[in-house]
Amino acid sequence: MNSAQRLEIFKRLSIAIPNPTTELKHNSTFELLIAVILSAQATDKGVNIATEKLFAAANTPEAILALGIEGLESYIKTIGLYRAKAKNVIATCRMLVEQHQSQVPKTRAALEALPGVGRKTANVILNTAFGEPTIAVDTHLFRLGNRIKLAPGKNVLEVEEKYLKTIPLQYMKDAHHLLILHGRYTCTARRPKCAECCIEDLCEYNAKEYATSTKLPHMKPIMQSQS
Ligand code: SF4
């Protein structure tokens with residue numbers, strides 16, 4: 001795939017998806033951070049149902065700390081891995097209060113030091129909350145990178161690096177959400193909707209070749225899925 005094709009792909013995606021942003025509901029950077037931590041291996045829809053009640057009751061680090069682990073669990077028990085996530089959220093809130101004046105830090109290093117926050121979550125916060133041109137490679141971005149040949153790679157870091165090197169600069173900030181939403185609604189995992197896809201003539205998807213390439217070991221080390 002050449003740079004002109006890439007440019008055209010992002011141009012068309014940005015027309016097809018005029019508001020490329022997260023579907024995790026939030027009213028502050030803190031709420032976004034908590035929602036993203038809770039979204040690992042869970043759907044945005046499921047997280048939104050839980051956080052609607054949680055954030056109505058507690059939407060600051062101090063307020064969530066005051067709930068305690070059991071109190072927090074009662075709001076998020078419909079989400080997978082909720083016990084581990086509750087521990088991480090409480091520990092993160094404590095660090096925010098004690099080390100960051102109750103604010104979400106703006107650097108990758110400080111974000112990744114928070115319990116429950118890995119590279120992908122840090123990338124989401126840096127991009128969505130602070131407007132940085134980062135690429136969080138979730139299951140959709142990994143699949144599209146390899147399937148469409150936008151950023152082929154055997155693991156998340158390799159795919160992330162290829163995206164960062166090849167995405168046209170003017171689309172770098174929105175690329176993460178454009179690709180997630182395209183992957184979630186059109187270029188879906190099992191049955192991509194090629195007949196209604198706006199980039200069908202530019203896509204290099206080869207079903208047979210893709211099925212073979214995705215047998216490679218991938219994603220496990222730092223992958224947190226976001227459906
Ligand atoms: S043509 Fe099909 S495989 Fe290619 S991007 Fe569109 S939906 Fe995905």
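Counting starts at 1 for both ligands and their atoms, following the listed order. Values in this document were obtained by computation on a predicted structure and should not be read as measured data.
Although no hydrogens or angles enter the test, the distance criterion places no donor-acceptor pair under 3.5 Å between the side chain of Arg147 and the main chain of Cys203.
The shortest side-chain heavy-atom distance between Tyr82 and Leu72 does not fall under the 4.5 Å cut-off.
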Show me, pair by pair, the donor-acceptor contacts under 3.5 angstrom made by side chains of residues 88-95, not counting sequence neighbours?
{"unit_1": "Thr92", "atom_1": "OG1", "unit_2": "Asn88", "atom_2": "O", "d": "3.2"}
{"unit_1": "Thr92", "atom_1": "OG1", "unit_2": "Pro115", "atom_2": "O", "d": "2.6"}

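Between Ser14 and Leu178, the shortest heavy-atom distance links the atoms CA-CD2, 3.7 Å.
A salt bridge between Glu132 and Arg108 is absent, with no side-chain N of the basic residue lying under 4.0 Å from a carboxylate O of the acidic one.
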Report task. Assess whether side-chain contact (heavy atoms from CB on, under 4.5 Å) is satisfied between Leu13 and Leu179, documenting all intermediate values. Result -> CA-CA 8 Å; Leu13 288 180; Leu179 293 170; 4.1 Å; yes

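Ligand 1 places these atoms under 4.0 Å from at least one heavy atom of His182: 5 (S).
Neighbouring protein atoms of atom 4 (Fe) of ligand 1 (N, O or S, distance under 2.8 Å, waters ignored): Cys203 SG.
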